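Every chain is numbered from 1 and lettered A, B, ... according to where its sequence line falls, protein lines coming before strand lines. The basis for the numbers below is simple: all heavy atoms, side chains too, and nothing from hydrogens, waters or symmetry mates. Since the structure is predicted, the reported quantities are computational estimates derived from the model, not experimental observations.
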Amino acid sequence: MKTQKIYDENYQWIVMGRDPDKPEKIIDTNQYIIRDGKKTMLLDPGGIEIFSSVLAATLSETNIENITDLFASHQDPDIISSLGLWNEIIPDINLYGPSIWEGFIRHFSSGDVNYIGIPDAGSSMVLETVELQFIPAHYLHASGNFHVYDATAKILMSGDVGAALESPGAPIFVDDFNEHKEKMRMFHRRWMPSNDAKIDWIRRVRDLDINMMCPQHGRIFKGDDVKRFLDWFEALDVGVAIHG
Amino acid sequence: MVSEEMDEGAKQFLAVASVQAELFAVTHISKRISLSAKNAKAIAARAGSQALGFHPITDFIDDVATNITLLVEEINVDALRLSSFAIANRNRMKTIGRVKDAQETLGLRADDCGLTNKIKELESTKEKFLIEYGRKSSDVLEALTEIRTQLQAAEMICTTSRTEATRAGDFQSNLEVVAEEVSQAVMQIKDVLQTSKLHLSQLTVRRR
């Protein structure tokens with residue numbers, strides 16, 4: 001699994017993905033690590049099938065006793081079906097996830113994981129030094145959905161928003177937005193159910209200072225590509241399956 | 001190696017699930033015995049003084065059926081615990097397999113980052129589990145033996161029933177049918193218990 005530091009100051013953001021060992025028929029996912037002193041959080045740690053690769057990639061960056069927290073943006077299996085495995089090897093691990101999905105996500109484990117529910121309005125937490133904000137992104141696409149914003153690194157982990165369906169060896173960063181937007185179109189039109197939710201999210205996200213927008217599939221947006229994405233997304237009609 | 005371990009975990013789970021299913025069948029059969037006993041009681045009442053010796057027999061058969069049902073309920077509680085145990089073990093084996101894959105990828109780094117020690121911890125938990133699993137399955141085996149004792153008593157009473165039936169005059173054939181029904185039900189339960197014991201003991205032998 002490929003790993004790359006995307007922020008490296010007093011603490012680090014690391015992206016993991018493009019797993020060559022991944023079974024062919026499962027969707028490629030990006031996992032993010034925030035390593036902050038003796039605490040490490042994994043954002044959307046992924047499914048069972050890629051657990052071994054994610055674990056090895058994480059432990060190439062930190063020690064096992066420093067893996068303290070998980071974050072699940074929503075309840076999908078490609079986000080958090082590995083929960084039972086993480087909980088088995090790190091019984092006191094914390095999982096931050098949407099409150100409304102708690103009873104559902106617990107099905108991925110033996111049920112006794114330390115689940116810290118994020119209320120609908122959002123919340124924040126301090127890892128060791130860095131404050132992370134859980135930004136509501138409901139209906140984008142799940143009914144209870146959060147993104148993670150780090151105001152110091154100016155990084156927004158945007159879950160499925162900004163996702164693109166790419167070939168396994170695709171680059172980590174968007175290099176040509178005009179070319180890239182076609183890879184996102186179908187995904188956003190079909191998976192995102194609500195134009196109202198989309199507009200509300202864009203309005204709030206435009207107020208954030210963002211250097212990098214990091215989706216769970218596809219490539220990371222940097223600098224002006226973040227604004228380009230927001231403009232493109234704003235103009236896109238979503239929830240199209242109801243039209244048949 | 002991993003898949004072999006996972007298969008073993010699946011076998012444990014399936015064995016316990018099979019025992020649970022078979023015990024469910026036993027409760028049905030024991031209810032049938034109880035019904036036959038009540039039927040025999042009604043026939044004996046109609047037969048009057050000709051079937052006086054049958055009254056205590058029917059009560060006894062009914063008691064045996066009730067005891068078997070109660071024992072099966074108790075065993076089911078143990079079997080349910082054993083089933084949860086088997087599922088937890090299968091999950092643990094899967095985890096160990098996947099963690100070992102990560103260890104292989106990490107090479108020497110696995111020692112430094114604490115993964116090798118973590119695997120030792122998981123293996124040790126698995127060993128403790130196997131000892132506990134052995135204890136729990138022995139408890140279930142013991143309880144199955146207790147049902148067998150009840151069945152031996154029922155078999156004896158079936159023989160006595162047939163003797164008493166010959167003294168029941170016009171009701172002889174009715175009571176013989178009842179005795180035969182009980183006898184067949186007892187045989188069925190014995191077969192089911194034998195299969196259950198086989199399931200559990202095979203796993204015990206493999207573990208040793």
Using the rule given for side-chain contact (heavy atoms from CB on, under 4.5 Å), can you reason through B:Arg98 versus A:Leu55, listing the C-alpha separation, both sets of side-chain angles and the distance that settles it, and then say yes or no?
CA-CA 9 Å; B:Arg98 290 176 191 277; A:Leu55 177 64; over 6 Å; no

Is it true that, when you exclude A:Asn114 itself, more than 12 heavy atoms of the residues, nucleotides or ligands shown sit nearer than 6.0 Å to its CG?
yes

With a 4.5 angstrom heavy-atom cut-off, which part of A:Thr62 approaches chain B: side chain, backbone, both or neither?
backbone

Taking all non-hydrogen atoms of both residues into account, name the closest pair between A:Ser52 and B:Ala102 and its distance.
O-CB, 3.5 Å

Contact class of A:Ser60 relative to chain B, heavy atoms under 4.5 angstrom:
both

Is it the case that atom NZ in A:Lys183 sees more than 12 heavy atoms from other parts of the structure closer than 6.0 Å?
yes

Select one option (side chain, backbone, both, neither) describing which atoms of B:Asn117 are under 4.5 Å from chain A's heavy atoms.
neither

Starting at CD of B:Glu121, measure out to CD1 of A:Ile89 and round the result to the nearest 0.5 Å.
10.5 Å

Check this for me: A:Tyr139, atom OH, are more than 12 non-hydrogen atoms of other residues, nucleotides or ligands nearer than 6.0 Å?
no

Between CG of A:Leu59 and CG of B:Asp112, what distance do you get to the nearest 0.5 Å?
11.0 Å

Has A:Glu65 got more than 12 heavy atoms of other residues, nucleotides or ligands less than 6.0 Å from its CD?
yes

Heavy atoms only, distances under 4.5 angstrom: which of B:Ile87, B:Asn91, B:Leu106, B:Leu115 has the most pairs with chain A? Name it, please.
B:Leu106

Nearest 0.5 Å, what's the OG1-CZ distance between B:Thr95 and A:Phe51?
7.0 Å

Heavy-atom closest contact (B:Arg92 atom, A:Glu88 atom, distance):
NE-OE2, 3.1 Å

So with a 6.0 Å cut-off around CD of B:Glu142, is the heavy-atom count from everything else above 12?
no

If one checks every heavy atom of B:Thr105 against chain A at 4.5 Å, the contacting part turns out to be side chain

